[in-house]
Amino acid sequence: MSESNMPTNFIRQIIDEDLASGKHDKIATRFPPEPNGYLHIGHAKAIALNFGIAEDYQGRCNLRFDDTNPHKENMEFVAAIEEDVRWLGYQWADKPYYASNYFDKLYAFALELVKSGKAYVCELSADETREYRGSLKQPGKDSPFRKRSVEENVDQFERMKNGEFEDGSKVLRAKIDMAAANINMRDPMLYRIRHGVAHHQTGKAWCIYPMYDFTHPVSDALEGITHSICTLEFEDHRPLYDWVLDNISIECHPQQIEFSRLNLEYTVLSKRKLTQLVSEGFVEGWDDPRMPTIAGIRRRGYTPAAMREFCQRIGVTKSEGTVEMALLENTLREELNVNAPRRMAVLEPLKLVITNYPAGQVEEVVSPNHPQNESFGVRKTPFCNEIYIEQEDFREEANKKYKRLVMGKAVRLRNAYIIQCDEVVKDTNGEVIELRCRYVPDSIGQTPEGAPKPRGVIHWVSVRHGINAEVRMYDRLFAHPSPDAAANKEGKVFTDFLNPNSLRNLTRCVLEPALAQVSPGEVFQFERQGYFCVDAHHTHGQPVFNRTVSLRDTWAKTDKKHG
RNA sequence: UGGGGUGUGGCCAAGUGGUUAAGGCACAGGGUUUUGAUCCCUGCACUCCCAGGUUCGAAUCCUGGCACCCCAGCCA
């Protein structure tokens, strides 16, 4: 059973081969986020990949913060990342790891490179370094500091560490090949000087910080990682990853494997851009329900199971593509359809008076909580002579394609009676403000003989029993499927393509009373409309619901087609 | 000829020289239905970026093109 559910992809094939050949007998992976922002759906793909492999192969996956740049990192991000990984349902081995835990060892390995003549302290300025590096097509040239003696380099590096030099005045570089076709091998930087910033883990203990290309392979090796999985843009760094491990005294040599990062339609998945959306106020925060962050989709009502399923469905390859929103949304709907209890809510109310129903009478109609699953039980919904229906569920006249309430015609109220519309009340502007209808007695659960045939089924809420609520109708954040590409092409910026209608706030909604006691995060299906969750930030007073995703709406298509 | 990658239906993706090129999403048609939802059928690549070649046999091997992505942070 688990065999057929096991995802298969080129990385798992490599692992299978390594296990079969005896290269490894235990698998270890790692998820190495930099705590400089919130995690997004693209990270979910990496998390599902790395932690999923650990689970399926009974190995381990370390959560490791890649925290070598104190300028951009902080504890808020550390905490958020931990929460997001946990929310997705994954467990890291023993404890969270930090690259900063290895600063001592990293320094020792760097010193080892210096002593073996494979690294040197360079005093070129940033601009000079760039010039010396050459270009994509032209080789670089050696730094004048390249042939310093080992003794001098040891001395200089120690003094760098001791804080004797200013920021930017010196760096430690690997001595590889300034003419290498791969620019990453042209004497890459290993350490830089950073005074004055407190690191969230190590405080002011260090004034030199190792670069990613040096830190990453060493951290992986120290943790005994077998497969170091990263995204495609690091492919060019693999020779350097290998060079580092081949030139220091460490046994373990993990295999770096690259896969393509996730691209999703109608959104952006880059930390820089997401940070900009937050800092420039285009959204309300990292957890704005329109954001593709884990925090955002969580608040939007997505579930961990749906996210993991999505990650499985998109697969893992080296080819770059853009996944359609429809795939994400459908994965969610599939789960919510099975798990969300049904309720009725009128979002844009139109009052309807039932003229032949006794004014003081209230009856409780029985409504199943899930039409396909009796174990969800039933609830009682109060019905009386005054109800609200959805404004768009009434038209004075319509062709037979319109299966809702029409003047003079009949419709069924969900789980209740058949009604027939007799009269339309309008205000001075000609706006419909009230409907007057007759109900067919004895039509609950059946259609009595002689009763008018209902055109369809519409939802409703009792005027006297309904509760007021705010409902936030969220839509895609961007109006263009690929905001980045569009901005590039048209000489604009990606924020020019934000969807102005990504949030429609409905404040006059009426919910059935069964929705009075709900807790943050709970998800319901509002029948005929979609899935809605209780907003996590509004736990008191009038309930606030976020629309997670609409129901599939084929009517919207036909209505548009036929007018 | 800077280097490194990728090209299978609208989207994602199996496929690793040998039956009619999996599957999911999307789309189209039909059935069930007190949610225009769900569910259930049916259809949807004589062809795998292109052109040659090897082979009894090629999406898979070879050669040559083409297209697209990534790389010149003291970011990761």
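Below, chain A is the first sequence line, B the second, and so on; all start at residue 1.
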- Check every strand shown and say whether A/Thr331 touches a base, only sugar-phosphate, or nothing at a heavy-atom separation below 4.0 Å. nothing
- Task: Please state how far atom CZ in A/Phe310 lies from atom P in B/rG23, giving the value in whole angstrom units.
- Result: 21 Å
- Message: Please tell me whether A/Thr381 and A/Ser367 have a donor and an acceptor in their side chains that are separated by less than 3.5 angstrom.
- Response: yes
- Walking RNA chain B from its 5' end, the first of A/Thr317 and A/Ile458 to be reached, judged by nearest nucleotide, is A/Thr317
- Item | Option passing side-chain contact (heavy atoms from CB on, under 4.5 Å) with A/Asn9 (candidates A/Ile15, A/Ile14, A/Val316, A/Ile53) | A/Val316
- Message: Rounded to whole Å, how long is the line connecting atom CZ of A/Phe524 with atom P of B/rA37?
- Response: 23 Å
- Query: Quick one: which of A/Arg261, A/Lys318, A/Arg238 gives a salt bridge (Lys or Arg N to Asp or Glu O under 4.0 Å) with A/Glu233?
  - Reply: A/Arg261
- Message: Taking atom types as they are modelled, would you say the side chain of A/Gln13 forms a donor-acceptor pair with the base of B/rU16 within the 3.5 Å cutoff?
- Response: yes
- Query: Which atom names give the shortest non-hydrogen contact between A/Pro448 and A/Pro441, and what distance separates them?
  - Reply: CG-O, 3.9 Å
- Could you measure between the two C1' atoms, the one in B/rG24 and the one in B/rU8, and give it in whole Å? 15 Å
- Query: Taking the same atom, C1', in B/rU60 and in B/rU42, what whole-Å distance lies between them?
  - Reply: 32 Å
- Task: Give the rounded distance in Å between these two atoms: CE of A/Met185 and C1' of B/rG4.
- Result: 13 Å
- Look at A/Thr558 and B/rG36 and indicate whether a side-chain polar atom (N or O) is within less than 4.0 Å of OP1 or OP2. no
- Verify side chain to side chain donor-acceptor pair (under 3.5 Å) between A/His195 and A/Glu166, making sure each step is shown before the conclusion. CA-CA 8 Å; A/His195 286 287; A/Glu166 286 180 12; over 6 Å; no
- Query: For A/Arg342, which contact category applies under a 4.0 Å heavy-atom criterion: base, sugar-phosphate, or nothing?
  - Reply: base
- Query: Can you tell me how far C1' in B/rG73 sits from the matching atom in B/rU54, rounded to whole Å?
  - Reply: 48 Å
- Note on the structure: Here the distance between atom C1' of B/rG5 and atom CD of A/Gln256, to the nearest Å, is 13 Å
- Would you indicate what A/Gly140 reaches in the nucleic acid, counting non-hydrogen atoms under 4.0 angstrom: base, sugar-phosphate, or nothing? nothing
- Task: Taking the side chain as every heavy atom from C-beta outward, state whether A/Val268 and A/Pro292 have any pair of such atoms under 4.5 Å apart.
- Result: no
- Message: Please encode protein proximity along nucleotides 26-32 of chain B as a string of B, S and -, counting only heavy-atom distances under 4.0 Å.
- Response: SS-----
- Partner set under salt bridge (Lys or Arg N to Asp or Glu O under 4.0 Å) for A/Glu527, not counting sequence neighbours: A/Arg414
- Task: Just label B/rG73 as syn or anti from its O4'-C1'-N9-C4 or O4'-C1'-N1-C2 angle, using within 90° of 0 for syn.
- Result: syn
- 5' to 3', nucleotides 65-76 of chain B under a 4.0 Å protein heavy-atom cut-off (B base, S sugar-phosphate only, - none) gives ----SBBBSBSB
- When all nucleic acid strands are considered with a 4.0 Å heavy-atom cut-off, which category describes A/Glu235: base, sugar-phosphate, or nothing? sugar-phosphate
- Task: Could you tell me which nucleotide pairs with B/rA22 by Watson-Crick or G-U wobble geometry, both distances under 3.5 Å, or answer none if nothing does?
- Result: none
- Message: Base, sugar-phosphate or nothing for A/Ser260? Non-hydrogen atoms, less than 4.0 Å.
- Response: nothing
- When rounded to whole Å, the OH to P distance for the pair A/Tyr531 and B/rU35 reads 13 Å
- Query: Does any donor atom in the side chain of A/Glu164 or A/Asn162 lie under 3.5 Å from an acceptor atom in the other side chain?
  - Reply: no
- Spacing of A/Ile314 atom CD1 relative to B/rG24 atom P, expressed in whole Å: 17 Å
- Query: Expressed as a whole number of Å, how far does the C1' atom of B/rU47 sit from that of B/rU35?
  - Reply: 42 Å
- How close or far is atom P of B/rU35 from atom CD of A/Glu512, stated in whole angstroms? 16 Å
- Message: Just to be sure I understand the rule, does A/Arg404 reach a base, reach only the sugar-phosphate, or reach nothing, if contact means heavy atoms closer than 4.0 Å?
- Response: base
- With A/Tyr191, which of A/Tyr209, A/Tyr212, A/Phe157, A/Phe103 fulfils ring-ring contact (aromatic ring centres under 6.0 Å, His included)? A/Phe157
- Would you mind classifying the nucleic acid contact of A/Val411 as base, sugar-phosphate or nothing, using non-hydrogen atoms under 4.0 angstrom? nothing
- If you check every side-chain atom of A/Lys137, which of B/rA37, B/rG2, B/rC12 has the closest atom? B/rG2
- Task: Give the rounded distance in Å between these two atoms: CD of A/Glu392 and P of B/rU35.
- Result: 17 Å
- Message: For A/Tyr439 and A/Tyr417, take the angle between the two ring planes, folded into 0 to 90°, and tell me which bin it lands in: parallel under 30, tilted 30 to 60, perpendicular over 60.
- Response: perpendicular
- Note on the structure: In this structure, NE2 of A/His237 is separated from CG of A/Asn184 (nearest 0.5 Å) by 4.0 Å
- Query: How far does the C1' atom of B/rG52 sit from the matching atom of B/rG15, given to the nearest Å?
  - Reply: 24 Å
- Using a heavy-atom cut-off of under 4.0 Å over every strand shown, decide if A/Pro239 touches base, sugar-phosphate, or nothing. nothing
- Quote, to the nearest angstrom, the P distance that separates B/rG57 from B/rU19. 14 Å
- Residue matched to B/rG52 through Watson-Crick or wobble contacts both under 3.5 angstrom: B/rC62
- Who pairs with B/rG2 - Watson-Crick or G-U, where each distance is under 3.5 Å: B/rC71
- Query: Do A/Gln312 and B/rA13 share a donor-acceptor pair, side chain to base, under 3.5 Å?
  - Reply: no
- Query: For A/Tyr402 and A/Gln138, take the nucleotide of RNA chain B holding the closest heavy atom to each; which residue's nucleotide lies nearer the 5' end?
  - Reply: A/Gln138
- Query: So, does the side chain of A/Arg528 form a donor-acceptor pair with the base of B/rU35 at under 3.5 Å?
  - Reply: no
- If you take all heavy atoms of A/Leu190 and A/Ala174, which pair is closest and at what distance? CD2-N, 3.6 Å
- Message: Regarding A/Ile444, tell me which of base, sugar-phosphate or nothing describes its non-hydrogen contacts under 4.0 Å with the strands shown.
- Response: base
- Nearest-Å distance once atom C1' is located in both B/rC69 and B/rU55: 34 Å
- Query: For atom P, what is the distance between B/rC11 and B/rG18, given to the nearest Å?
  - Reply: 28 Å
- When we call it a touch if two heavy atoms are under 4.0 Å apart, what does A/Lys403 touch: a base, just sugar-phosphate, or nothing? base
- Task: Give A/Glu265 one of three labels, base, sugar-phosphate or nothing, depending on what nucleic acid heavy atoms sit under 4.0 Å from its own.
- Result: nothing
- Using a distance-only test with no angle check, is there a side-chain donor-acceptor pair under 3.5 angstrom linking A/Gln420 and A/Lys409? no
